[in-house]
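Okay, so here's the structure we're looking at.
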Amino acid sequence: MGRGRSGHGTGGPGMRDLLTPIETAVHQGHQDEALRRLAAVPADLPLPAGLAWRLGVLLHQQGRFDAADACYRRVDLDLDDQDPSTLADRAQVLAGWAATRWAQGDQARTRQLATDAVAVAERSADDAAVAAAYLAQALAAFGDGDRAGNEHAYAQALAAAERAGDFGQQLRIRCNVGSRLVEEGHYRPAIEELDEAVRLGELLGQQMLLALALHNRAEAWLGLGDLHRARSDADKALARWQRAGSPLAAFGLTLTARVHRVRGANHQAVAAYRAALAMGEPDGNAQVLVEACAGLARLSYADDPQAAARHTERALSLPSSAGPTVAELAAGWVALCSGDPHTALRYGEQVRAETGRRRDTAGLAEAMELVTLAAHRANPEATSPRTVRRLLADLVEAATIWAELGNEFALATNALLQARLTGDLVAERIAYERLRRIGVQEGGWHVAGPLAAIGPAPVPEVEVQILGQFAVRLAGVAVSVGSWQSRKARDLLHMVAAQLGRPVARDALAAALWPQARAEVALRRLSVLISTVRGVLDPGRRHPADRYLITDSATVQLRTAHVVVDAWRFHDAARAAVVADTASPPPTGTAADDRLLSQLETVVAMYAGDLRTDDEVVGAAVQRPRALLSALHREVTRRLARRYLHLDRPDAAIGWYLRLVGEDGYDEPAHLGLIAALSAAGRHGEANRRHQEYVVRMAEIGVEPAAAALPDRARLNNS
């Protein structure tokens, strides 16, 4: 390879006067002073390798890649020079220069410099230099998509750094290893690695590397769909970089933007991406520019298609050490959401091939979803059962990947895609609730991606809420109280809706609404009331009379095809959850357990309260469905608490058992479950108090307590 700068000596008295204070400041840890004094050194004068690489590392950690690159170029890198006293310093220069070129997207130069760095470092037999050289080689392998080579190089680098006792390099390596694990979708191992990196960063007081560790850990949390923790770590990293005035704040801004984008906080995402773009431009930071352009393309496709096209084109044209996946996925989703499924399919296929080579499992799962939706959109007439089964199989495979990665957001999104493809309205509702609980806002449906590709569920023509309170919405707009003309019209709809889709006898309705009237009079009044309800549900009389309310000579019934009732949705979702829990094997802490927990929690959240019985007429008519739905809600809650307990997550179980005991102080299995959970959590005093309360409650209803001593979990299989 060629040299850096050469032909100028470094030993003249004038140069020594300039360099000695810089060297002193570096060795004393006065980084800002060292860099300030460096600015006074003429740019055309060379630097000794030992000083140059130390200054280069400082500049690199601050994100000043151009300045670091210029610093390395001022070193005489004659690789034929065999002077053992300078081999280690020259290896450090080569390694640092390779890392800088990698950050700038120059893969060919990165590879060459890293190869030379390893060769020189091995000759030097200096472990610190060997660690730096192999770290550079790991970056080069990553840029080439060589995951095995990347992993091997990091292992070599970490071993050498540990031999050298170089904690700073260990911190940097752990940050990078954590980043690699995130790229491969190994989010939980990444968090373990980065927890150690954060600890080292706090111990060493290295704020720039600590910020990097927090940033990478935020990416891991985002990969798990934990938006709260992702935002917390991302904010901490960004704050450190911004306080230091580091251009690396651009990385923090792109991650903050991604968190906002997933949440559907689109205005905040756009602002963060634009700020990152502005910061990344001066240094030509390829990673930042690609991420920002791709994100802006996804966010602007609906409102400004021309801007989306410009951002997409630029993201695709920029070199990136992380490969083309980010840009091509953005291009594919923008194309699909803009009505061009054939282009989307092409990008999806390209990403699917690339991610396999790079071991990018998250990218692979997203590409599979893109390909599936694009193929379905490209041929919407292909709705045969065989075609649907094939497309569904691809989505199921992608879901398996998301489950293995532990990404709750992606799993809920995938469940929604499957539900929409199969027309499973109950599963779709559960998926919607899961996304809402995760923290996804309405803006999430306007970002080019899976949600925007399928669009939100159509707003129901008529929606009736009877859990917790009574309300009716027409195309999303609430019906005012004054629109009913009669309280009994509201009561009639309430009673019919409470029957969970079953027909209700006219005689029963008439008798409940007018108990003092003769039967024939009450039935005539009922006919008038039915007409009133139909007028409320279809005020413009645009549809046939029986579109929402079906009647015959004997019964009245809501038409489920056009009317949505919250109690029906809860009932069907709860029964499905109970079946899933019954069929599930004993908990083992697998991804399948997490999915079932999420399903159970979502169903519990769908229950807004018991059917109201404050009205005497309605209360008498809905007693049976009220008891049924309440019991179903308690059964799902009980199964959720028990599953948490058997998964050795007693703190979560305690909350659900407390809810059960609070609702019914005589629920013996709930008492026993609560006692067991408190004991498992080590809260023995509280467990003892709860046991005493349990004994008192059982005595009040004449039931013999299950045991005098605190029960253990082994005796609670039926709790």
Side-chain angles (χ1 to χ4, degrees), residues 185 187-188 191 220-230 262-264 362 365-366 369 395-420 422 424-441 444 450-451 457 569-608 632-657 659-660 677:
Y187 301 123
R188 296 200 184 281
I191 287 170
W221 289 125
L222 183 57
L224 290 171
D226 191 329
L227 303 185
H228 176 73
R229 285 175 171 167
V262 172
R263 291 174 54 234
E366 188 175 350
E369 291 173 344
L395 289 179
V396 169
E397 184 177 349
T400 302
I401 295 174
W402 292 128
E404 290 170 351
L405 298 178
N407 189 320
E408 175 62 18
F409 165 76
L411 266 175
T413 301
N414 183 281
L416 184 59
L417 300 182
Q418 291 188 48
R420 186 67 65 84
T422 58
D424 188 337
L425 297 180
V426 172
E428 183 169 341
R429 182 63 186 177
I430 290 175
Y432 271 115
E433 290 294 333
R434 286 170 65 184
L435 287 169
R436 185 186 61 78
R437 287 178 54 248
I438 290 167
V440 177
Q441 303 171 17
L451 297 181
R569 291 184 302 195
F570 168 75
H571 176 266
D572 293 345
R575 291 185 62 182
V578 169
V579 170
D581 181 69
T582 302
S584 177
T588 57
T590 62
D593 289 319
D594 289 338
R595 290 199 300 275
L596 184 52
L597 284 172
S598 178
Q599 181 180 0
L600 292 168
E601 287 184 333
T602 298
V603 170
V604 170
M606 292 173 66
Y607 193 78
L632 195 52
H633 173 247
R634 290 184 62 80
E635 176 64 18
V636 175
T637 305
R638 189 188 318 281
R639 287 172 179 266
L640 177 60
R642 184 173 63 203
R643 187 159 286 272
Y644 269 123
L645 181 57
H646 289 173
L647 281 168
D648 288 325
R649 296 168 66 179
D651 289 329
I654 288 169
W656 295 113
Y657 278 125
R659 178 182 295 193
L660 288 168

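All values below come from the heavy atoms of this structure, side chains included, with hydrogens, waters and symmetry mates left out.
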Restricting to side chain to side chain donor-acceptor pair (under 3.5 Å), what partner residues turn up for [X], sequence neighbours left out?
X: R575; value: none
X: W656; value: none
X: Q599; value: none
X: Y187; value: none

So which heavy atom on [X] is nearest to which on [Y], and how close?
X: I438; Y: G225; answer: CG2-O, 3.9 Å
X: I191; Y: A220; answer: CG1-CB, 3.5 Å
X: A677; Y: I654; answer: CB-CG1, 3.6 Å
X: A431; Y: A412; answer: CB-O, 3.7 Å

Fill in: Intermediate values then yes/no, side chain to side chain contact (heavy atoms under 4.5 Å, CB included), F409 and L227
CA-CA 9 Å; F409 165 76; L227 303 185; 5.6 Å; no

If you measure from [atom1] on [X] to [atom2] on [Y], what distance do you get to the nearest 0.5 Å?
X: L632; Y: T637; atom1: CG; atom2: OG1; result: 9.5 Å
X: M606; Y: R436; atom1: CE; atom2: CZ; result: 10.0 Å
X: L660; Y: R638; atom1: CG; atom2: CZ; result: 5.5 Å
X: L596; Y: E601; atom1: CG; atom2: CD; result: 10.0 Å
X: E428; Y: T422; atom1: CD; atom2: OG1; result: 9.0 Å
X: L411; Y: L416; atom1: CG; atom2: CG; result: 12.5 Å

Practice prompt. Apply the test side chain to side chain contact (heavy atoms under 4.5 Å, CB included) to residues R649 and L597: give CA-CA distance (whole Å), side-chain angles for both, the deciding distance (0.1 Å), then the verdict.
Written response: CA-CA 12 Å; R649 296 168 66 179; L597 284 172; 3.5 Å; yes

Worksheet entry | Pair V440-T413, side chain to side chain contact (heavy atoms under 4.5 Å, CB included): steps then yes or no | CA-CA 10 Å; V440 177; T413 301; over 6 Å; no

Practice prompt. Quick one: do W221 and L224 satisfy side chain to side chain contact (heavy atoms under 4.5 Å, CB included)? Show the steps, please.
Written response: CA-CA 5 Å; W221 289 125; L224 290 171; 4.0 Å; yes

For [X], salt bridge (charged side-chain N to carboxylate O under 4.0 Å, His left out) partners two or more places apart:
X: R229; result: D226
X: E408; result: R434
X: R639; result: D581, E635
X: R188; result: none

Discussion item. Taking side-chain contact (heavy atoms from CB on, under 4.5 Å) as the definition, give me every residue that meets it alongside V636, ordered by chain and number, with sequence neighbours left out.
Written reply: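 Result, side-chain contact (heavy atoms from CB on, under 4.5 Å) vs V636: A574, V578, L600, V603, V604.
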
Worksheet, complete the sentence: Across all chains, not counting sequence neighbours, the side-chain contact (heavy atoms from CB on, under 4.5 Å) partners of N414 are E369, L395, A398, A399, W402, Q418

Practice prompt. Could you list the residues that satisfy ring-ring contact (aromatic ring centres under 6.0 Å, His included) with Y607, not counting sequence neighbours?
Written response: F570, H633

Discussion item. When you measure from the side chain of S584 to the backbone of A580, do you find a donor-acceptor pair of N or O atoms at a distance under 3.5 Å?
Written reply: no

